[in-house]
Every structure is written in C-alpha cells, then in structure tokens.
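Beneath this line is the structure, given in structure tokens, with notes to follow.
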Amino acid sequence: MSKHFEARVARLASNLYLLRLEDRETRFFEALWEIPEGVTYNAYLLDTGEGMILLDGWKKGYDDLFMEALRSVADPRDVEWVIVHHVEPDHTGTLPRLLEEAGGPTVLCHPMAVGLIEALYGVKPRARVVRDGETLVLGQEELELHYTPWLHWPETIMSYHRGLRVLFSGDAFGSYSIPGGITDEDLDPADVLGFSRKYVATVVGKYRQHVVKVLEKLSSRGVEPQVIAPLHGLVWKKRPRLILDKYLAWAQAEPVKGKVLIAYGSMYGAVEEAINIVSRRLEELGASITVYRFTDRERAPIGALLGDALDAEALVLGAATYESGVFPLIRYVAEELAEKAAASKPVLVVTSYGWGGAAGRRLSEILGRAGFQVHVVEFRGSPGPIRGRLLEAADRLLSGDLG
Ligand SMILES: Cc1cc2nc3c(=O)[nH]c(=O)nc-3n(C[C@H](O)[C@H](O)[C@H](O)COP(=O)(O)O)c2cc1C
Ligand SMILES: [Fe+2]
Ligand SMILES: [Fe+2]
C-alpha cells in the first residue's frame, strides 16, 4: 500500500521548483468535505540568483517532510523571501519551522496577513506588506503582486512572474485529488476537472463572484499567464485557458444542458419511491441525472454533491418532514446549496409527511431566499396516489416552467 502522505519535488523551469505534498491522510478537507481522492499542497521555490523566494508552504504537521523537500533543492538559509498568498493553515502550517531554520527571511504578504500569522502561530516574522499591483524586484527576478480578496480568505494575494508568464494563483484554479502527473501535459484534464469543480463549490463557493472579479482585474492589468500554478492539484501548463474558463463557468453556476442533480433522504422509503418516479420520468425525457442518496444504506458525499449542483441545469431535492422540520441531512444540504451554489435555477422539492407537513415550506424558504425557483410536491405517507402530479412536475422541471 502506498504511504498516506508523500513529498514530490519537480522542476518547472530552470529556476523554479514545485514542492508538492500528496496527502492521502486527510479524510475530510477543512474537517468538512469527503476527499477519498486526496489533496495536494503545492509550494513553489524561485531562485532569483541572489537568494530564494519560497511561495507558500504545506499543512500543519508536515514540517520535517517539508524541510527535507526544501533541502533537496536549496539550503533553507538561502531563502530570503517567503510569499504568503493567504494565511490558511493548509499552506502556512510549515511557516514557523521554516522561519526558524531559514534565518530570518522577509515575509511578503497582504497587510492583514501579518496580524493573522501572529494570531495563529504566535510568531512575528519580519514582514513587508505589499501594495495592490506592486512590482517587487527580488534578486534578479521581478514579481507582480495583486490583491485577490476572498479567494479564499480576505487577505489573499496572487503573484505573477511576467517573464515566465507564471501566475501563482493561490487556492484559485486549484483542484482536489492527487494527479499522477505534475502538469496537465502529463494527463487528460478530464480526469481532474470534476475535482476542480468540487473544489470551487466547497472552498470558494460562497465567494464565487470574486472569481469573476479577479479574472477581470488580472486581465485589465495585462496578466495573461501561460502557466497557472495553484496551491492544490495540477499545474496548468498546456491549457491554462481551460482551467480559467472552467472556473469562470462554475463561478457563474453556468448550467450544462440537460444535467439534473437529485439529492434525497429517505428513512423508510416513501420519499425514495417518489424520487424514483420523478427520476425515471426525467430519464425518459433525456435528462442526464446524478443522484445522491441519504438512506439507511447510503450516505452520499456532500462536497461532491455541491460540485454537481454548480453546473446542473435543475435540481430535485427529496426529504420528509422530521420532528416538525426537514429531515436533517437534507436540511443541511439545502443550507449548503443556498450558501455555496445559489443560482436562479429550478428546484423540485419532493416531500412526505405523516401527520403535519413542514419540510416543504421550510425547504422552499431556504432555497427561495438563495434565488432558486422552487416548486413543492407534498404528499402524505406513500406517493402512489399523487403519481400524476410527480410526473407533471418532472415535465415542467425540464421545460423550465415550474410555475
Ligand atoms: C423520526 C421521524 C420523525 C418524523 N416526524 C414527523 C413530523 O414531525 N411530522 C410529520 O408529519 N411526520 C413526521 N414523520 C413521518 C414522516 O414524515 C413520514 O413517515 C414520511 O413518509 C417518511 O418518508 P421517508 O420514509 O421517505 O423518510 C416522522 C417520521 C420519522 C421516522
Ligand atoms: Fe484556502
Ligand atoms: Fe488551500
């Protein structure tokens, strides 16, 4: 069996290295999102001829391995500058140890980052705060720094090497999974794009609009990268435009024609029976369906569900009334959809009750407030008697006429 975590060092250009940690150990990213596909943390090292620039680091707990990877290409004492693109501990966990061993490098970061580093780690590095759009001359290299707030924390910056046309993009344009290759030259991008979409939904979902703003800002500043070097997953070298365009589409929750996401919970099968009626109908109508189930046999991964919601054309949510509210797992799904995948898309809510329905109204509120167009089909007990209404709702879901 392969190790649960492993370091990989690769040369991207004559003076640019990638230090990648392959993490198969973390089961839940940010203690939330299931990642059976794993995740990488990418740090970069740029040799300026007069000292090294380290761009970010790895997650907390991997200090020894990080220092070992760094030492395989450079003497840590040659690190003159450390760029912190944002302070989240999946990229700054190794910073305290690096600061100790590197002998006082200057941390280059957003003004807000200084206080955050101190608050999180109790260290006060020598810091130089950068201005938005500033070009720094570091040794024989130049780097442009751009403020890119909320991708993914407020103090996020990106840096751009205009000579090499490399954009160090932070979390943005990153993906979950541990790709077999280092760059998209080494594999079929289709293998990772699903993990990129899931990453967008779960990590920057709430702040998706900033992807659009940042792309506009960078392009207005003449940033036209040939290489996208994010903090997670592949380095995009062959088709940088592909990941930028995909991110833009997901950020805008652009629908893929005919794609329907179905998510339901069912305790004893009533909602499931109704959902089956709807999904068979949708299939007959030619929809392409992805189903996430929460039953006594199955517990769907919510991160992947949110990823599939981003580019769905329509959604179907099923849940019974439970203790005068919504079956809890689907309530959570609906709340997360509202936070991270909000869009003016049609949603069919299928809901059952025993003695007093409440789930339909509640789901309708949660989703409606987020801009979804919600239609509720509610029934008591099992759905046999209302089969016709379910079929009709399925037809109208696809024709975009939920009424
Ligand atoms: C734990 C539990 C709590 C329930 N709470 C309510 C309730 O508050 N109000 C209600 O009308 N029905 C309630 N019901 C009944 C269900 O809504 C009803 O049986 C429904 O058909 C279940 O659908 P499902 O088997 O697909 O989950 C509850 C059922 C269970 C098992
Ligand atoms: Fe982050
Ligand atoms: Fe990250």
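For ligands, and for the atoms within them, numbers begin at 1 and follow the listed sequence. These values consider heavy atoms only, across backbone and side chains, with no hydrogens, waters or symmetry-generated copies.
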Does a side-chain N-to-carboxylate-O contact under 4.0 Å join [X] and [Y]?
| X | Y | value |
| --- | --- | --- |
| D186 | K238 | no |
| K206 | E339 | yes |
| E144 | R221 | no |
| R396 | E392 | yes |
| R197 | D308 | yes |

Practice task
Would you please indicate yes or no on a ring centroid separation below 6.0 angstrom for F294 and Y264?
Solution key: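 No: the rings miss the under 6.0 Å criterion.
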Practice task
Assess the pair F168 and Y160: is the distance between their ring centroids shorter than 6.0 Å?
Solution key: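 Between Y160 and F168, which both carry aromatic rings, the centre distance is not below 6.0 Å.
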Exercise for the section: Could you tell me whether the side chains of D171 and H85 share a donor-acceptor contact shorter than 3.5 Å? Expected result: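 Result is no, nothing qualifies.
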Close-contact set for ligand 1 against [X] heavy atoms, below 4.0 Å:
| X | value |
| --- | --- |
| E323 | 3 (C), 4 (C), 5 (N), 6 (C), 7 (C), 8 (O) |
| Y268 | 24 (P), 25 (O), 27 (O), 31 (C) |
| G269 | 25 (O), 26 (O) |

What protein heavy atom lies closest to [atom]? Include the residue and the distance to one decimal.
| atom | answer |
| --- | --- |
| atom 20 (C) of ligand 1 | S352 OG, 3.2 Å |
| atom 1 (C) of ligand 1 | Y322 CE1, 3.6 Å |
| atom 30 (C) of ligand 1 | M267 CE, 3.6 Å |

Should one rank [options] by closest heavy-atom distance to [atom], which comes out on top?
| atom | options | value |
| --- | --- | --- |
| atom 22 (C) of ligand 1 | A320, G381, A319, G325 | A320 |
| atom 16 (C) of ligand 1 | I330, D296, V271, T321 | T321 |
| atom 8 (O) of ligand 1 | S324, G318, G356, S266 | S324 |

Exercise for the section: Output the atom name for the N/O/S atom of H232 with the smallest distance to the Fe ion (ligand 3). Expected result: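 It is NE2 of H232.
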Handout entry: Note, R241 side chain near P225 side chain (heavy atom, < 4.5 Å)
Key =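 Sidechains of P225 and R241: no contact.
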Practice task
Decide yes or no for L55 and L45: does some side-chain heavy atom of the first lie under 4.5 Å from some side-chain heavy atom of the second?
Solution key: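 SC-SC contact between L55 and L45 ruled out.
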Practice task
Sort by chain and number the protein N/O/S atoms that are closer than 2.8 Å to the Fe ion (ligand 2), and list them.
Solution key: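 Near the Fe ion (ligand 2), below 2.8 Å, one finds H86 NE2, E88 OE1, H152 ND1, D171 OD2.
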Exercise for the section: Report yes if G354 has an N/O atom closer than 3.5 Å to an N/O atom of ligand 1; otherwise report no. Expected result: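 N/O-N/O distance below 3.5 Å exists for this pair.
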Problem - Polar contact flag for A270 and ligand 1 (N/O pairs, less than 3.5 Å) - result: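 So ligand 1 has an N or O lying under 3.5 Å from an N or O of A270.
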Problem - Intermediate values then yes/no, side chain to side chain contact (heavy atoms under 4.5 Å, CB included), K59 and H91 - result: CA-CA 5 Å; K59 192 184 172 185; H91 311 291; over 6 Å; no
Handout entry: Qualifying residue, where the test is ring pair (Phe, Tyr, Trp, His ring centres under 6.0 Å) with Y176 and the options are W33, Y41, Y199, F195
Key =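 Checked W33, Y41, Y199, F195 against Y176; only one passes ring pair (Phe, Tyr, Trp, His ring centres under 6.0 Å): Y199.
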